[in-house]
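Quick notes on the structure that follows.
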Amino acid sequence: MDESTQSVLDAAGLTGRKALALDAAGAGTALVVDVSRDEMLDRWAAARDAVHRTGRWPVLCQRTEAHDGEIFSRFYFEEGADGADSGPAAVLARAETIDVDARMADLLRGQLGNDDAERTVERHRSRTLADYGDAPPAARIRAAVGGDEPAPIAVERHLFEWERTHEPVHEPDAGVQDWFGREDDPALVLLPVARPWAVYAYVHTLYDACWYGHDLLVAAARRWYERYGAEPVAALEVTSWLRVTRPPGSPDDAWRLAVEHHAVAESTFVTPDVALRQHARLLPHRNRWVLFSRP
């Protein structure tokens with residue numbers, strides 16, 4: 001092990017650990033260190049606190065994929081790049097220029113734009129009745145639907161506002177948020193970059209990013225870092241964990257953030273079934289996020 005690698009490991013609290021040096025998609029060298037499930041979050045936190053000295057952002061990955069370099073494969077990046085350069089530097093550069101809100105709006109229309117408005121109203125009203133023992137009239141909910149906004153978003157937004165002024169019969173299901181910290185065979189990867197949002201330009205995670213483009217995921221992650229102090233902790237193929245230091249401070253902010261999560265990680269709301277408004281209600285009270293996107 002060379003002296004510079006040893007100094008990085010020492011600074012990151014990994015003295016005495018073996019490190020595997022891997023090419024990070026042609027954009028530097030990453031260091032991979034095996035950690036146990038019990039210690040992985042503490043090891044990540046120590047490495048994160050040392051970023052100002054190491055210049056390397058730490059991220060937990062699946063051990064096998066880290067050891068064989070699969071985490072840096074450009075296979076998933078190439079489809080979303082639509083023929084453009086799929087290397088980390090190019091993905092990061094495109095993320096600086098895109099219209100994040102417009103791209104997310106297009107995604108939401110693709111995800112939800114074909115839902116039947118009448119059935120959407122009945123389905124979500126029934127859920128509110130079950131969770132709150134009451135609900136606004138169906139006609140009032142239908143009146144909220146219109147314009148370019150997909151019907152499910154409009155319906156959920158209306159019910160989110162109504163539910164804010166009522167007490168639930170039971171608390172909403174946290175869904176996949178309880179998955180944070182569940183990985184049996186992790187490795188800690190020290191990337192050759194200090195910016196947290198750059199994780200998503202190096203390491204593939206969230207399956208749908210392979211078609212909507214990792215530049216959007218990078219741009220969204222930068223927005224979340226700047227607004228909420230959201231920092232990537234793990235990139236595990238179809239899930240990503242983030243630690244949050246400044247949760248959204250208002251219901252409107254929580255709603256906007258929940259919609260953004262739906263745009264880039266739709267499966268977060270599917271397995272198990274979690275309503276967008278339930279997710280928005282939870283966000284001000286959580287300092288950890290799990291995003292999930294699978295085939």
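The first residue in the sequence is number 1, and the count goes up from there. Predicted model, so just to flag it, every value in this text is computed and none were measured.
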Q.
My understanding is that a hydrophobic cluster links ILVMFWY residues whose side chain heavy atoms are under 4.5 Å apart, including indirect links. Using that, what else belongs to the cluster containing Val145?
A. Val121, Ile141, Val155, Leu159

Q: Return the set of residues passing side-chain contact (heavy atoms from CB on, under 4.5 Å) with Ala258 (not counting sequence neighbours), or none when no residue passes.
A: Leu276, His279, Ala280, Leu283

Q: With sequence neighbours left out, write down each residue that passes side-chain contact (heavy atoms from CB on, under 4.5 Å) with Pro137, or none if nothing qualifies.
A: Arg140

Q.
I'd like to check the ring pair (Phe, Tyr, Trp, His ring centres under 6.0 Å) partners of Tyr212; sequence neighbours left out, ordered by chain and number.
A. none

Q) Which residues pass the ring pair (Phe, Tyr, Trp, His ring centres under 6.0 Å) test with His67, sequence neighbours left out? A) none

(Q) Between Ser4 and Asp2, is the side-chain hydrogen bond (donor to acceptor under 3.5 Å, both in side chains) condition met? List the steps. (A) CA-CA 6 Å; Ser4 62; Asp2 63 43; 2.9 Å; yes

Q) Salt-bridged, Asp34 to Arg63, with N to O below 4.0 Å? A) yes

Q.
Less than 6.0 angstrom separating the ring centers of His166 and Tyr132, yes or no?
A. no

Q | Summary of side-chain hydrogen bond (donor to acceptor under 3.5 Å, both in side chains) pairs that have at least one residue in residues 40-55, sequence neighbours excluded | A | Arg48-Glu231

Q) Any donor-acceptor pair under 3.5 Å linking the side chain of Tyr200 with the backbone of Leu216? A) no

Q) With the threshold set at 4.0 Å, does a side-chain nitrogen-carboxylate oxygen contact exist between Arg246 and Asp253? A) no

(Q) With side-chain contact (heavy atoms from CB on, under 4.5 Å) as the criterion, how do Val203 and Cys61 come out once you've worked through the C-alpha distance, each side chain's angles and the decisive distance to 0.1 Å? (A) CA-CA 9 Å; Val203 180; Cys61 297; 4.2 Å; yes

Q | Within residues 141-151 or reaching into it, pairs that qualify as side-chain hydrogen bond (donor to acceptor under 3.5 Å, both in side chains) - sequence neighbours excluded | A | Glu118-Arg142, Glu149-Arg157

**Q.** Sequence neighbours excluded, every pair satisfying side-chain hydrogen bond (donor to acceptor under 3.5 Å, both in side chains) that has a member inside residues 96-106
**A.** Glu96-Arg222, Asp101-Arg223, Arg103-Asp215, Asp106-Arg109

Q.
Test of understanding: with side-chain contact (heavy atoms from CB on, under 4.5 Å), list the residues that count as partners of Arg164, not counting sequence neighbours.
A. Phe160, Glu161, Pro251, Asp252

Q. Going by atom types alone, do Glu156 and Trp255 pair a side-chain donor with an acceptor below 3.5 Å?
A. no

**Q.** Qualifying residues under salt bridge (Lys or Arg N to Asp or Glu O under 4.0 Å), relative to Asp184, sequence neighbours excluded
**A.** Arg37

Q: With sequence neighbours excluded, tell me which residues meet salt bridge (Lys or Arg N to Asp or Glu O under 4.0 Å) with Asp82.
A: none

Q: For Glu237 and His204, work out which heavy atoms get closest and say how close.
A: O-NE2, 3.9 Å

Q: Decide yes or no on side-chain hydrogen bond (donor to acceptor under 3.5 Å, both in side chains) for Thr239 and Arg182, but give the supporting numbers first.
A: CA-CA 11 Å; Thr239 61; Arg182 296 185 185 180; over 6 Å; no

Q: Using the test side-chain contact (heavy atoms from CB on, under 4.5 Å), find all partners of Ala263 that sit at least two apart in sequence or belong to another chain.
A: Met104, Leu107, Leu108

Q. To the nearest 0.5 Å, how far apart are CH2 in Trp289 and CH2 in Trp224?
A. 6.5 Å

Q) For Gln62 and Asp185, what are the C-alpha separation, side-chain angles and deciding distance, and is it a side-chain contact (heavy atoms from CB on, under 4.5 Å)? A) CA-CA 6 Å; Gln62 293 166 327; Asp185 295 301; over 6 Å; no

Q: Mark yes when over 12 heavy atoms from residues, nucleotides or ligands other than Arg294 sit less than 6.0 Å from its CZ; otherwise mark no.
A: no

Q.
Does the plane of the ring in His214 sit parallel, tilted or perpendicular to the ring in Phe77? Use 30° and 60° as the thresholds.
A. parallel

Q: Evaluate the side-chain hydrogen bond (donor to acceptor under 3.5 Å, both in side chains) criterion for residues Ser293 and Glu266: first the C-alpha distance (whole Å), next the side-chain angles of each, then the deciding distance (0.1 Å), finally the verdict.
A: CA-CA 6 Å; Ser293 176; Glu266 183 182 6; over 6 Å; no

